[in-house]
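Numbers for residues simply follow the sequence, beginning at 1.
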Amino acid sequence: MERTIKIRNERKEDYTTVEKITREAFYNLYIPGCVEHYLVHVMREHEDFIPELDFVLELDGNVIGSIMYTKATLIDESQNRKDILTFGPVCILPRYQRKGYGKMLLEHSFKKAIELGYDAIVIFGSPANYVGRGFKSCRKYHVSVENGKYPAAMMVKELVPDALGGRSWSYQGSPSMDICEEDARRYDDTLEKMEKKYRPCQEDFYIMSHAFIEE
């Protein structure tokens, strides 16, 4: 039986569902528990949040996935500023993962981002999840963090060819991504109890997120 797939902008009535999906998708993935659902809970109110790039994916009328974008900035050697995008969290309910739905959300959002005039995206995450969607190491695009280092988990995608022009850039993320872990824990405690567990994948994430690529 053919399934009905629809990608649309998130609506207010989706908020609770999207937070639940995010919590289920990320719980115990990177740390015991997670903070991503709290980020979703608060980031919609931030000035850097982009509602036009806030999408959900429906399968047979039920929301099973979500992606959200915020503004970010690149600064070149001459202190010229460039408005770009970052996204996160992006998630699919665990039982529907590895079926192509995440790819659909990403590709749909890339197309809409171009229509809005954006030409580059910088994200932090596991390279294995994103290199297939055209992301490359930040080192290849000369995009560093403020201390001049190149995090192994930072990746760049040019939505428009040569958007970054071969120049050297410093990345500045949105403050919307800077959440208080204690606030996130308190919020999580108000929700339906889920067991916090240690998993080996958390160590993988710790190593990747603290690694840097040499010049």
Side-chain angles (χ1 to χ4, degrees), residues 7 9-10 14-15 17-31 33-57 63-74 83-94 96-97 101-113 116 118 120-138 141 143 145 151-159 171-181 183-184 187-188 201-202 204-206 208-210:
I7 298 176
N9 286 112
E10 184 189 41
D14 301 315
Y15 286 6
T17 298
V18 168
E19 289 176 27
K20 287 181 178 179
I21 291 171
T22 306
R23 189 177 186 231
E24 187 172 339
F26 284 97
Y27 221 74
N28 297 325
L29 182 61
Y30 297 139
I31 59 172
C34 73
V35 299
E36 284 81 3
H37 58 305
Y38 178 70
L39 174 59
V40 167
H41 182 67
V42 299
M43 72 185 296
R44 298 184 187 97
E45 304 303 319
H46 197 277
E47 62 182 359
D48 289 339
F49 179 66
I50 306 174
E52 296 89 346
L53 295 176
D54 175 16
F55 297 108
V56 297
L57 185 146
V63 174
I64 66 160
S66 167
I67 188 169
M68 296 179 169
Y69 281 78
T70 64
K71 299 173 185 176
T73 305
L74 293 178
D83 294 330
I84 62 161
L85 297 171
T86 188
F87 63 69
V90 53
C91 61
I92 300 292
L93 271 174
Y96 296 111
Q97 291 175 5
Y101 298 122
K103 174 184 175 181
M104 293 178 193
L105 263 177
L106 287 167
E107 295 298 335
H108 179 85
S109 69
F110 296 161
K111 179 182 177 181
K112 295 300 182 181
L116 288 175
Y118 291 98
I121 303 171
V122 175
I123 61 167
F124 289 83
S126 172
N129 293 333
Y130 297 105
V131 293
R133 303 275 64 79
F135 285 87
K136 297 180 181 180
S137 166
C138 60
Y141 288 106
V143 175
V145 288
M154 188 165 79
M155 292 161 283
V156 179
K157 178 179 175 68
E158 286 186 325
L159 295 170
Y171 173 74
Q172 291 187 349
S174 168
S176 64
M177 297 292 184
D178 300 331
I179 59 173
C180 172
E181 290 189 10
D183 288 345
Y187 180 68
D188 190 63
C201 59
Q202 296 167 11
D204 290 343
F205 173 74
Y206 181 87
M208 173 58 65
S209 62
H210 288 76

Taking C-beta and beyond as the side chain, do Asp188 and His37 meet within less than 4.5 Å on heavy atoms? yes

How long is the gap from OH on Tyr118 to CG on Asp83, to the nearest 0.5 Å? 6.5 Å

Does Val90 reach the side chain of Ile123, with side-chain heavy atoms less than 4.5 Å apart? no

Can you confirm whether Cys138 sits close enough to Pro151 that some side-chain heavy atom of one is under 4.5 Å from a side-chain heavy atom of the other? yes

Please report the shortest heavy-atom distance between Cys34 and Arg23, naming the atom on each side. SG-O, 4.0 Å

So do the side chains of Val56 and Ile7 get within less than 4.5 Å of each other, counting heavy atoms only? no

Do Val156 and Phe135 pass the side-chain contact (heavy atoms from CB on, under 4.5 Å) test, and can you show the C-alpha distance, the side-chain angles, and the key distance before you say yes or no? CA-CA 5 Å; Val156 179; Phe135 285 87; 5.7 Å; no

Contact summary for Leu53 and Ala113, nearest pair of heavy atoms: CD2-N, 3.7 Å

For Tyr141, ring pair (Phe, Tyr, Trp, His ring centres under 6.0 Å) partners two or more places apart: none

Salt bridge (Lys or Arg N to Asp or Glu O under 4.0 Å) with Asp183: which residues, sequence neighbours excluded? Arg186

Given side chains that start at C-beta, do those of Val18 and Lys20 come closer than 4.5 Å, heavy atoms only? no

How long is the gap from CD1 on Ile84 to CD on Gln172, to the nearest 0.5 Å? 10.0 Å

State, with a plain yes or no, whether a side-chain heavy atom of Gln202 is found less than 4.5 Å away from one of Tyr30. no

Pairwise side chain to side chain donor-acceptor pair (under 3.5 Å) hits with a residue in residues 124-138, at least two apart: Glu107-Arg133

What pairs with Ala153 under side chain to side chain contact (heavy atoms under 4.5 Å, CB included), at least two apart in sequence or on another chain? Met208

Heavy-atom closest pair (Ala72 atom, Gly173 atom, distance to 0.1 Å) is CB-CA, 4.3 Å

Restricting to salt bridge (Lys or Arg N to Asp or Glu O under 4.0 Å), what partner residues turn up for Lys112, sequence neighbours left out? Glu115

Measure the CZ-CG distance between Phe87 and Leu85 for me, rounded to the nearest 0.5 Å. 10.0 Å

Donor-acceptor pair, distance only, cut-off 3.5 Å: does the side chain of His108 make one with the backbone of Met104? no

Looking only at non-hydrogen atoms, find the nearest pair between Leu105 and Ser66 and report the distance. CD1-N, 3.5 Å

Using modelled atom types only, decide if a donor and an acceptor are shared between the side chain of Thr86 and the backbone of Val122 within a distance under 3.5 Å. yes

Classify the side-chain pair Tyr69/Ser109 by whether it contains a donor and acceptor separated by less than 3.5 Å. yes

Val35 vs Tyr187, test: side-chain contact (heavy atoms from CB on, under 4.5 Å). Steps then yes/no. CA-CA 9 Å; Val35 299; Tyr187 180 68; over 6 Å; no

With sequence neighbours left out, the residues meeting side chain to side chain donor-acceptor pair (under 3.5 Å) with Ser174 are Asp48, Ser176

Is Val63 close to Leu57 at the side-chain level, that is, under 4.5 Å between some pair of heavy atoms? no

Among all residues two or more places apart in sequence or in another chain, which pass the ring pair (Phe, Tyr, Trp, His ring centres under 6.0 Å) test with Phe124? Tyr171

Could you check whether any side-chain heavy atom of Met155 comes within less than 4.5 Å of a side-chain heavy atom of Pro127, counting everything from C-beta outward? yes

Contacts of type ring pair (Phe, Tyr, Trp, His ring centres under 6.0 Å), residue Phe49, not counting sequence neighbours: none

With Glu10 via salt bridge (Lys or Arg N to Asp or Glu O under 4.0 Å) - residues at least two apart: Arg44

Can you name the side chain to side chain donor-acceptor pair (under 3.5 Å) partners of Asp54, sequence neighbours left out? none

Non-neighbouring partners of Leu29 that pass side chain to side chain contact (heavy atoms under 4.5 Å, CB included), sequence neighbours left out: Phe26, Cys201

Shortest non-hydrogen pair, Pro51 vs Asn9, comes out as O-ND2, 3.4 Å

Nearest heavy-atom neighbours spanning Gly88 and Met177: O-CE, 3.7 Å

Value rounded to 0.5 Å, distance of OG1 in Thr73 from NZ in Lys71: 9.5 Å

How many angstroms lie between atom CG of Leu39 and atom CD of Glu19, to the nearest 0.5 angstrom? 10.0 Å

Starting at NE2 of His41, measure out to CD1 of Ile179 and round the result to the nearest 0.5 Å. 11.5 Å

For the residue pair Tyr101 and Tyr96, categorise the inter-ring angle as parallel (less than 30°), tilted (30 to 60°) or perpendicular (more than 60°). perpendicular

What pairs with Tyr15 under ring pair (Phe, Tyr, Trp, His ring centres under 6.0 Å), at least two apart in sequence or on another chain? none

